[in-house]
Amino acid sequence: MPLVTSTEMFKKAYDGGYAIGAFNVNNMEIVQGITEACREEHAPVILQVSKGARAYANHTYLVKLVEAAVAECPEIPVVLHLDHGPDFETCKSCIDGGFTSVMIDASGEKFEKNIEITRKVVEYAHDHGVVVEAELGTLAGVEDDVKVSAEDSSYTRPEEVEEFVSKTGCDSLAIAIGTSHGAYKFTAAQCTRNEKGILVPPPLRFDVLEEVSKRLPGFPIVLHGSSSVPQNYVKMINEHGGKMPDAVGIPEEQLRKAATMSVCKINIDSDLRLAMTGTIRQFFDEHPDKFDPREYLKPARANIKELVRHKLVDVLGCNGKA
Ligand code: G3H
Ligand code: 13P
Ligand code: ZN
């Protein structure tokens, strides 16, 4: 099956009460770990590429890696998506360069300007058979070189969504309901601690999600910043020379609940990074004499695969939906 857009995927996910995993890819091992899990679990998947990934790995290398995965996994639908497109030019370059979906992230702009920028991308993308994700509201955390503090973040205002979607013509909408980018999603002050001393973050704003869904019936909603920051990998990192105190993510049961609602796409990047980093740190600690990248990237890739499998089955519910 060639690369597809997310249109059909989102329709089925909306009606079926599950979400599609959107995983960030930066190199071959990450692409392989994700797509092998999706192939074995018969799950549709969105592979997404950020501005930073393009700067690191090069547009052509990433497209070719994804094309290789499509050839190896012909039975599952795969979307190639630009994550957090910062401007029209970057979106155009990806649309012209083989992507089937782009995000234009003008959420840092004023409402009218966000509409204007998004509209321009939508016109170009739709003329070329490509779909567009836009964003309203501002998440906290770090994405590419932009860092948004918790105080500067803002929940999506449900009263703005109908006007935004109808004026822009976007195909899906990322909203801010309390998720956040990176591995440190909340400060200790924002959380409580459970009996084991683990930080428990404030719950997502399901009231905002419900109000948005009521105003946009049938319309696919996207959640960014949805890594759960698995504590086994934080522990592995800290036990093998790392220092990541109080790293905390979104509880998986809340993401599961969102997936049964109007949320059709859930973005996960930091969890993959933690699995890869923890595995490699442990490997070097246990094998200080080894220096063959294949030897440490192999277990890292295997752990990414198992982490993705867990997300597909236990969080997103998209296994068996390809
Ligand atoms: O939301 C941002 C994604 O996690 C991508 O991160 O810009 O470091 O590639 P990146
Ligand atoms: P995380 O940092 O929670 O993995 O979020 C990733 C993301 O939203 C990519 O756009
Ligand atoms: Zn994001």
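In listed order, ligands and their atoms are each counted from 1. Please read all numbers here as calculations on a predicted model, not as lab measurements. Residue numbers count from 1 along this sequence.
The distance from atom OG1 of T168 to atom CD of E123, rounded to the nearest 0.5 Å, is 10.5 Å.
Proximity of L297 to M276: side-chain heavy atoms (C-beta onward) are separated by under 4.5 Å at one or more points.
The shortest N or O to N or O distance between S50 and ligand 1 is below 3.5 Å. The shortest N or O to N or O distance between D269 and ligand 1 is below 3.5 Å.
Residue contacts with ligand 1: R273 is included, with a non-hydrogen atom under 4.0 Å away.
Cation-pi geometry between K290 and F284 is not met at under 6.0 angstrom from the ring centre and within 45 degrees of the axis.
Heavy atoms of H84 found under 4.0 angstrom from ligand 1 belong exclusively to the side chain. Contacts between N267 and ligand 1, counted as non-hydrogen atom pairs separated by less than 4.0 Å, are absent for every part of the residue.
With no hydrogens or angles considered, no side-chain donor-acceptor pair links E109 and N114 at under 3.5 Å. Using modelled atom types, one finds no donor on one side chain facing an acceptor on the other under 3.5 Å when comparing N267 with S226.
Between H181 and H224, the ring planes are perpendicular. Angles over 60° get that label, and only those under 30° would be called parallel. Taking the six-membered ring where the residue is Trp, F111 and F164 present tilted rings, their angle falling between 30° and 60°.
Annotation: F23 is not in aromatic contact with H81 [ring centroid separation under 6.0 Å not met].
Residues K298 and E29 are not paired through a salt bridge, judged by the lack of any N-O separation under 4.0 Å between the basic side chain and the carboxylate. The pair K51-D105 fails the salt-bridge criterion, with no side-chain N (NZ, NE, NH1 or NH2) lying under 4.0 Å from an Asp/Glu carboxylate O.
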For the pair K311 and E252, evaluate salt bridge (Lys or Arg N to Asp or Glu O under 4.0 Å) and give the outcome as yes or no after the intermediate values. CA-CA 9 Å; K311 298 285 180 184; E252 288 185 337; 2.9 Å; yes

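Enumerated by chain and number, the residues approaching ligand 2 to less than 4.0 Å through a heavy atom are N24, Q48, D83, H84, S180, H181, G182, K185, H224, G225, S226, S227, N267, I268, D269, S270.
Atom numbering of ligand 1 starts at 1 in the shown order; those under 4.0 Å from a heavy atom of N24 are 3 (C), 5 (C).
For the Zn ion (ligand 3), protein N/O/S neighbours under 2.8 Å (waters excluded) are H84 NE2, H181 NE2, H224 ND1.
When hydrophobic clusters are built by joining Ile, Leu, Val, Met, Phe, Trp and Tyr residues whose side-chain heavy atoms come closer than 4.5 Å, directly or via intermediates, I250 is grouped together with I221.
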